[in-house]
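Shown next, in structure tokens, is the structure this report addresses.
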Amino acid sequence: MPSALPDGEPVPDDGALPPHALDGAGERPLGFYLHVPYCATRCGYCDFNTYTATELRGTGGVLASRDNYAETLVDEVRLARKVLGDDPRPVRTVFVGGGTPTLLAADDLVRMLAAIRDEFGLAPDAEVTTEANPESVDPAYLATLRAGGFNRISFGMQSARQHVLKILDRTHTPGRPEACVAEARAAGFAHVNLDLIYGTPGESDDDWRASLDAAIGAGPDHVSAYALIVEEGTQLARRIRRGEVPMTDDDVHADRYLIAEETLSAAGFDWYEVSNWATSEAGRCLHNELYWRGADWWGAGPGAHSHVGGVRWWNVKHPGAYASALAAGRSPGAGRELLSAEDRRVERILLELRLREGVPLSLLKEPGLAASRRALSDGLLQQTPYAEGRATLTLRGRLLADAVVRDLVD
């Protein structure tokens, strides 16, 4: 089941932000994340805030239905306009995630995007992305999305091997994600991503190479590759605990990452974030870069998180509770926190170090600078950028990114 929300102070019923939150807003891009919390089935490794029809039955009534979800989410977009007041920024990125957004009708996704365009306007070069399950789209669906303003799409491929997909409880058939890339291109999508997962129990190096080769052969301009994390409370965690499937160790994860880097680089993909590769600057996911660079975004939907000017807040998790709050004219916010200057400094280091451009050394305090010198000596940071005032990870440093960043934030 979905993980718990953090603690925090209450969100005002009208969602009002502290006055300082919009100070200097014109210098920061604004994005929207739209969360669609529905899935046809629950994947065994997933602890995202998603719900199947069975899980929702009897817990939310008509308010939790996906049939009227788009209009409910539009209500939050309108609330965002009220809260942000006369903020003149057009929206730079929109990302629809889940869950499986494409369980909604294509017209519903287009309507959600239209609400953002109507209330805020979209930047001329706005990036508009949706995630998609390969089995839940067809050429007509993709054509509707493209005509409605979507220009980037991310398909959950995970693996090209049937036995790996089975362990993950993925329902699509091998080959379908690759066909989706061709269909998206035919519909006019300029940018297409394939998501992969490595380190699944029972996956071999050859299985992983086959998945990378299949993804590259499909012709996307972006590939995301994530190590499988076994979260407590998931079906996969229970299966591992019972001894039904083996746990994959960190050394295997490291080997698979090196295979990914070698294979993707040879095919013309450059890493720009530890888990993301693109064939060009234009192919990078701008929305995720908003997160990594601490920009402003409004997260609409159950359990969605937002950040504006050092204020972070999160919505109630259940679709029924979310819809009920909006129907009553209240913010669906469950809690919030005001980030201090130190909080924001630490977060910049945590997130920006993962990027190819790295993090300015000027953000580090003396213990962090001392740690950075050790990391440089150990081959975890690149020499030339360091001499120019930036900490940027080497390939070995990417393998140990979490450990490196823990030392630098001191």
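- At most 12 non-hydrogen atoms from other residues, nucleotides or ligands lie less than 6.0 angstrom from CD of Glu262.
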Hey, mind stepping through Tyr33 and Trp314 against ring pair (Phe, Tyr, Trp, His ring centres under 6.0 Å) and telling me if it holds?
CA-CA 12 Å; Tyr33 171 73; Trp314 45 91; over 10 Å; no
Assess the residue pair Ser204 and Asp207 against the criterion (side chain to side chain donor-acceptor pair (under 3.5 Å)); give the C-alpha distance rounded to whole Å, side-chain angles, the decisive distance to 0.1 Å, and a yes or no.
CA-CA 5 Å; Ser204 67; Asp207 291 333; 3.1 Å; yes
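- Within the 4.5 Å cutoff, side-chain heavy atoms of Leu228 are placed close to those of Leu168.
- Residues Tyr272 and Glu281 are not in side-chain contact: their nearest non-hydrogen atoms beyond the backbone lie 4.5 Å or more apart.
- Ion pairing of Glu119 with Lys82 is absent here, as no side-chain N (NZ or NE/NH1/NH2) approaches a carboxylate O to less than 4.0 Å.
- To the nearest 0.5 Å, atom CE of residue Met157 and atom CG of residue Leu212 are 8.5 Å apart.
- Salt bridge annotation for Arg78-Glu71: present, with a cationic side-chain nitrogen under 4.0 angstrom from a carboxylate oxygen.
- The shortest distance between side-chain heavy atoms of Leu286 and Phe95 does not fall below 4.5 Å.
- Residues Val181 and Leu194 have side chains in contact (heavy-atom distance under 4.5 Å, counting atoms from C-beta outward).
- Closest approach of Ala401 to Leu393, counting heavy atoms only: CB-CD1, 3.9 Å.
- Taking the six-membered ring where tryptophan is involved, the planes of Tyr198 and His253 are perpendicular, since the angle between them exceeds 60° and thus also 30°.
- Scanning both residues, Pro134 and Cys180, for their nearest heavy atoms gives O-SG, 3.5 Å.
- The number of heavy-atom neighbours closer than 6.0 Å to CG of Asp250, taken from other residues, nucleotides and ligands shown, is 12 or below.
- The two residues Thr100 and Cys39 come nearest to each other via the heavy atoms OG1-SG, 3.6 Å.
- Between the side chain of Arg345 and the main chain of Leu363, a donor-acceptor pair closer than 3.5 Å is present.
- Residues Val77 and Trp298 fail the side-chain proximity criterion, which asks for heavy atoms closer than 4.5 Å.
- A distance of 11.5 Å separates CZ of Phe155 from CD of Glu135, quoted to the nearest 0.5 Å.
- The minimum heavy-atom distance linking Thr130 with Pro101 is given by the pair OG1-CB, 3.6 Å.
- If you take OG1 on Thr200 and CH2 on Trp208, they are separated by 9.0 Å, rounding to the nearest 0.5 Å.
- One N or O on the side chain of Glu131 and one on the backbone of Gly98 form a donor-acceptor pair closer than 3.5 Å.
- In terms of modelled atom types and a separation under 3.5 Å, the side chain of Thr173 and the main chain of Arg176 share no donor-acceptor contact.
- The two residues Glu76 and Asn315 make their nearest non-hydrogen contact at OE2-ND2, 3.1 Å.
- When each of Leu408, Val359, Asp402, Val405 is tested with Leu350 by the rule side-chain contact (heavy atoms from CB on, under 4.5 Å), just one qualifies, namely Val405.
- Other residues, nucleotides and ligands contribute at most 12 non-hydrogen atoms within 6.0 Å of the CD atom of Glu27.
- Residues His191 and Asn193 have side chains not in contact (no heavy-atom distance under 4.5 Å, counting atoms from C-beta outward).
- We find that Asp125 and Arg92 are joined by a salt bridge, their nearest charged nitrogen and carboxylate oxygen being less than 4.0 Å apart.
- Here the CD atom belonging to Glu183 is positioned 11.5 Å from the CZ atom belonging to Phe189, to the nearest 0.5 angstrom.
- A distance-only check finds no donor-acceptor pair linking the side chain of Arg312 to the backbone of His305 [under 3.5 Å].
- Among Arg398, Arg293, Arg354, the single residue meeting the salt bridge (Lys or Arg N to Asp or Glu O under 4.0 Å) criterion with Glu273 is Arg354.
- The distance from atom CD of Glu203 to atom CZ of Arg161, rounded to the nearest 0.5 Å, is 10.0 Å.
- Between the side chain of Glu127 and the backbone N or O of Arg152 there is no donor-acceptor pair closer than 3.5 Å.
- The backbone N or O of Gly309 sits less than 3.5 Å from a side-chain atom of Asp296, completing a donor-acceptor pair.
- In this structure a side-chain-to-backbone donor-acceptor pair under 3.5 Å is missing from Thr394 to Gln382.
- A donor-acceptor contact shorter than 3.5 Å links the side chain of Arg185 to the backbone of Ala190.
- Checked against a 6.0 Å centroid threshold, the rings of Phe32 and Phe120 count as neighbours.
- Side-chain contact between Val274 and Tyr257 is present, with at least one heavy-atom pair separated by less than 4.5 Å.
- Ring orientation note: the planes of His307 and Trp297 are tilted relative to one another, at an angle of 30° to 60°.
- Across Ile153 and Ala184, no two heavy atoms sit closer than the pair CG2-CB, 4.0 Å.
- For the atom pair NE2 (His222) and OG1 (Thr279), the distance works out to 9.5 Å, reported to the nearest 0.5 Å.
- Taking 4.5 Å as the limit, some side-chain heavy atom of Ser372 sits within range of a side-chain heavy atom of Leu381.
- Of the charged side-chain nitrogens involved, at least one lies within less than 4.0 Å of a carboxylate oxygen, so that Glu342 and Lys365 count as a salt-bridged pair.
- A donor-acceptor contact shorter than 3.5 Å is absent between the side chain of Asp270 and the backbone of Ala278.
- At distances below 3.5 Å, not a single donor-acceptor pair connects side-chain atoms of Asp213 with backbone N or O atoms of Ala210.
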